[in-house]
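Reminder, nothing fancy here: chain letters follow the sequence lines and each chain counts from 1. In this text, all values refer to a predicted model and were calculated from it rather than measured experimentally.
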Amino acid sequence: MVRTKKKQTDKNFFTDVFEVARLIPPGRVTSYGAIGQYLGLKSSARMVGWAMHGCPKDVPAHRVVNSKGLLSGKHHFKPPEKMERLLKKEGIAVVNDKIVHFADVFWNPSAELALDVAKPRKKRPKLG
DNA sequence: ATTCTGACGATGT
DNA sequence: AACATCGCCAGAA
């Protein structure tokens, strides 16, 4: 699912966002910016968020938060508290709409998926 | 076509 | 640390 040089801003981009979001392991979270960066739209985190606006149900949108670990998207869930509830159910502590130990549960697609699209890394940062 | 908004992020003050 | 500004780019009005 490498971003093509051409017109990545098609529906293609959205579907890719969904695809990556689906890869987020339970009990982990990532940020809009991280997904955007993984897809090559590093500075277009808003697009990722916008993409989630119309994401399928099989996409764990509740595992996607902003870079500060805030549940900025909770307001868009049917019951806004569902996002927080789902996270807690997966073992993620949430206090004041913020993920506790955000760095510990953060899942970076660029590192975990390690595409090595262009530059193979000798060792990838282990988040375990 | 133009303007405004947005589930964001980095930077400046 | 809290707040303000800019950049980002796709949709909606």
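Annotation: side chain of A:Lys98 is not in contact with side chain of A:Lys68 (no heavy-atom distance under 4.5 Å). Looking only at side-chain heavy atoms (C-beta outward), A:Phe13 and A:Ser44 stay at 4.5 Å or farther from each other. Between A:Trp107 and A:Leu23 the shortest side-chain heavy-atom distance falls below 4.5 Å.
Listed for the A:Arg22 side chain is no donor-acceptor partner under 3.5 Å among the backbone atoms of A:Val59. A:Asn108 places a side-chain N or O within 3.5 Å of a backbone atom of A:Ser110 that can act as its donor or acceptor partner. Remark: the backbone N or O of A:Ala34 is paired with a side-chain donor or acceptor of A:Ser31 at under 3.5 angstrom.
The distance from atom NZ of A:Lys68 to atom P of C:dC3 is 12 Å, rounded to the nearest whole Å. Taking atom NE2 of A:His53 as the reference point, atom P of C:dG11 lies 11 Å away to the nearest angstrom. A straight line from CH2 of A:Trp50 to C1' of C:dG11 spans 6 Å, rounded to a whole angstrom. The interatomic distance linking A:Asp16 (CG) with C:dA10 (C1') rounds to 16 Å, in whole Å. Rounded to whole angstrom, the span from the CG atom of A:Leu39 across to the P atom of C:dC8 amounts to 18 Å.
Put simply, chain A comes within 4.0 Å of DNA chain B, heavy atom to any atom, from B:dG6 to B:dG9, going 5' to 3'.
A continuous path of hydrophobic side-chain contacts links A:Met47 to A:Phe14 [ILVMFWY only; heavy atoms under 4.5 Å].
The residue A:Ala61 sits close to a base: some heavy atom pair falls under 4.0 Å.
Between A:Glu90 and A:Arg63, at least one side-chain nitrogen of the basic residue sits less than 4.0 Å from a carboxylate oxygen of the acidic one, meeting the salt-bridge criterion.
Between the side chain of A:Arg46 and the base of C:dC8, a donor-acceptor pair under 3.5 Å is found.
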Completion exercise
Symbol by symbol from the 5' end, with Watson-Crick or G-U pairs under 3.5 Å, [ ] crossing and | another strand, DNA chain C is .||||||.|||||
